[in-house]
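Report on the structure given below.
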2 protein chains.
Amino acid sequence: MTAADHRAATRTTLTDVATLAGVTPGTASKALNGRGKLRPETRQRVLDAARRLDFRPNQLAQSLISGRTWTVGLITTDGIGRFATPVLLGAEDALGTGEISVLLCDTRGDAIREQHYLRTLAARRIDGIIVTGRRTDPRPPLAGSTDVPTVYAFAPSTDPDGINVVSDDRQGTQLAIGHLTGLGRRNIAHVTGPAHHAAATDRAAHTTHWLAAAGLPLATGRVQHGEWSEAWGRQAVRGVLATAPDTDAIFCGNDQIARGVTDALRESGRRVPDDIAVVGYDNWDTMALASRPPLTSVDMNLTEIGRLAALKLLEAIDGRPDPGTHRTPCRLVVRDST
Amino acid sequence: MTAADHRAATRTTLTDVATLAGVTPGTASKALNGRGKLRPETRQRVLDAARRLDFRPNQLAQSLISGRTWTVGLITTDGIGRFATPVLLGAEDALGTGEISVLLCDTRGDAIREQHYLRTLAARRIDGIIVTGRRTDPRPPLAGSTDVPTVYAFAPSTDPDGINVVSDDRQGTQLAIGHLTGLGRRNIAHVTGPAHHAAATDRAAHTTHWLAAAGLPLATGRVQHGEWSEAWGRQAVRGVLATAPDTDAIFCGNDQIARGVTDALRESGRRVPDDIAVVGYDNWDTMALASRPPLTSVDMNLTEIGRLAALKLLEAIDGRPDPGTHRTPCRLVVRDST
């Protein structure tokens, strides 16, 4: 006998409850679901019997009747890492602990796996899908998901009718530049990730915009693009100091770059923040706190993105979709690097 | 009309398939499930109709009949972070992409949330549970989960009849010490995490054991316990060099400590690995690769822990539980710090 057989054999059924209460299974069902016309004492007898027998209604059967499974699929396209995790936690909060369950699907960037998961989710009659990933570049919509409400979180979809919830990089960049200019810095360089990543090019364009709005050029005359790594941050410092020796602040596209920048500045004899202030992006505590000094950084409030995505999904499941791109604001966490 | 209503209204039913094939719903069901005696041409006609109508059998209904839901709960007790993620990926691989789905439950170390999730999982009639977390200290078994097959992965249970899959820290430590002594190092210090964490005390005991087996004492006469942080690694170096200036290797309890150790050694003028070799633990690429030089580190093969946990769970669901503590071997990843 397998464990499933054993549980099936020992599990209390609606018939057990009805027998103990001295009613038909139909009456017991009405009493437990609060439907139909029953005398209060009958309903109470059924509820007491259910409690005594520790009867737990079978959610599978309820879902067959209601057409809802109280289950959403969470598809992450490229790993369950630093970006997807807080999005997932925020979504879980908004869906209510255990009220709606999350089926996790990690496609690892593989289109075949994505198709496979979509078929599985359809067979399970999930109520909706949240799609996330670590790239902010718009992605094609899920193929064949048109009949299931879907929300794209952090990584938006190219579908003009899609529901997207993303970080407001424009406002996040404004916080960083406003902070640095507010501290009196005037020669601000920007060191960021690869030019083929939207997260890099978007923040670079916003940086140039907000500097121009403050009447300032980029200290080095151009954006320094490279890898999202500490090694690139260290390397970039040499170029920045050679091109613009009077640089008094470096705004970095992520915290790994900012940490590399900070290390290289210290090792070249520049004091952070006295000589050169440094601001990172992501507020990744492992990087920001271990840095010497700890990093001021833009926090994208990823948990809030997950929470809002879940709320937008619930609206869509409820027949009230709200298409478009919804942006959640960032906040600046100030530490000793500025 | 909600999205769920819409989908219910437009979804192909078994009756639609039967009507198109010109058979009764009972015959259509037999044909699709491969049961009963049917003429081959009848079966083919039903299969053709199902294909033309894009009929997808309702897994909820199938689960009600079979008693299996092909769903397992994955409970992480303290976040979906660096440790739980690879365990989860390994479990997902072993469960077969989409064959068995994973319901994710993050209890955030909260007993109330854990109880809530257990009730939800019971109502959903899941087939089994995998429990994981980031602490290797044995934890009490899940309360009230006795009727559902459960496997503890990475974080074992105190239940003597529990099924645990954990990392073999004894063998992992042997790899590190054997590597260092093989390189001719004789004065080896050990810098690790807090004395109230099993991951720290276990590795410390194994380190002392393997050094003794090689006829060596700890270079500093005792284990240096502190935080799992770079700051502690940097701080510990001062104590190690003051107590035992001839130290020629430092084995660290995790990669963050090892990175701090490496930074402090470099800044105090010691060459790594020429003067002092450094080995970390976890093989966390963010830390190990950004370190200067990149770190040699013990990799716990967390994905393999998840994979084995899933296999042990499938055995238990199948009525063949294999209680006890199963250990998966570590491997040493050699880089420039040794």
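Among all heavy-atom pairs drawn from B:R108 and A:L89, the shortest one is NH2-O, 3.4 Å. When all heavy atoms of A:R124 and B:T71 are compared, the closest pair comes out as NH1-OG1, 2.7 Å.
Neither the backbone nor the side chain of A:W232 comes within less than 4.5 Å of any heavy atom of chain B. With a 4.5 Å cut-off on non-hydrogen atoms, A:R320 does not touch chain B at all. Looking at A:A290, the atoms closer than 4.5 Å to chain B (heavy atoms on both sides) sit in the backbone and in the side chain alike.
For the pair A:L88 and B:L104, the minimum side-chain heavy-atom distance is below 4.5 Å. With a 4.5 Å cut-off on side-chain heavy atoms, A:W70 and B:T120 do not count as touching.
Of the listed residues (A:M287, A:Q256, A:R234), the greatest number of heavy-atom pairs within a distance under 4.5 Å of chain B belongs to A:R234.
Atoms CD and CZ, on A:E267 and B:R266 in that order, are 5.5 Å from each other to the nearest 0.5 Å.
By the 6.0 Å contact criterion, CD on A:E227 is open, its count of non-hydrogen atoms from other residues, nucleotides or ligands being 12 or less.
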